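What follows is a single structure, written as structure tokens, with notes after it.
Owing to the predicted nature of the structure, the values given are computational and were not obtained by experimental measurement. Start at 1 and go down the list; that is how both ligands and their atoms are numbered.
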Amino acid sequence: MPELPEVEVIVRELKPELIGEIICGCEILWERTFVSERGTLPLNLIIHSISRKGKYIVMTLSKGALVVHLRMTGQLLISYSDLLDQEHVRLIFRLSSGKNLYFFDSRKFGRIYFVKNPEEIISKIGIDALDPSLSESKFFELLGKRQIRIKSFLLDQRFLSGLGNIYIDECLFKAGIHPETKVNFITRRKRKKLLSVINEVLVGAIQNMGTTISDYKTTGGGFGTNQKYLTVYDRENMPCLVCHDNVRKIRVNGRGTHFCPTCQPQVKEIR
Ligand SMILES: [Zn+2]
């Protein structure tokens, strides 16, 4: 499932390709992919800007906006060729320059919303994990004295948006925090460390064009390389890269969670 770095790479690729384009056709091949009041997109709208919050892509149009969530297997692909007969094409935007923007989605959970104001959707999620205004004090305030597990906290997009299963495991490993630690037991020092590793892990993954484990592809059909640099995710029973203890896999919130029992001890820390 694409997380913040993958979505950011896609946004950076889409910008030079799509800004200024007029959407002159919209073919919906799987009805549930496209969500709008009227069920259709008015034609000849211009794409003014493209941005991201958490895992959402926002395309501001001359009237209204398109908000895209890739969910598990959604892919945006730009091509001049006709790919209509390919498998899993759910929607096609025809653009004035002759390019096409395809939405592929094998599992069909991805959504493209057409809304008057993107805030209708993105105001429901918390601050973006790479938002420059996310200061230490703001992050500390967000964590507060919550009694939920840190992994559950980071998975819940209403607090902090953009992180998912892979990057959360990576961040907690690098911060030395057991994924089941309750937020209110995390020390100030560890909170500080966690914020800095979130930044480091996400920025590094963007530089590596994201992590391709199953479906993620860039808009030109390329793959990310960050999977080569993962330190704990998907390394069950393999030696920890730091201490050589065996990496364990448990379930937290129903999600497969990887951690090193030595580097991420389950201790109740006093704040
Ligand atoms: Zn270790």
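Put simply, the residue from Asp156, Asp169, Asn253 that forms a side chain to side chain donor-acceptor pair (under 3.5 Å) with Lys151 is Asp169.
With rounding to the nearest 0.5 Å, the separation of CD1 in Ile177 from SG in Cys263 is 13.0 Å.
Residues satisfying the side chain to side chain contact (heavy atoms under 4.5 Å, CB included) criterion with Thr73, sequence neighbours excluded, are Asp105, Ser106, Arg107, Asp215.
Between His258 and Tyr233, the distance from one ring center to the other falls under 6.0 angstrom.
If you check the side chains of Ser96 and Glu21, you find a donor sitting under 3.5 Å from an acceptor. Using a 3.5 Å distance cut-off with no hydrogens or angles, the side chains of Tyr167 and Glu6 do pair a donor with an acceptor.
Sorted by chain and number, the protein atoms of type N, O or S within less than 2.8 Å of the Zn ion (ligand 1) are Cys240 SG, Cys243 SG, Cys260 SG, Cys263 SG.
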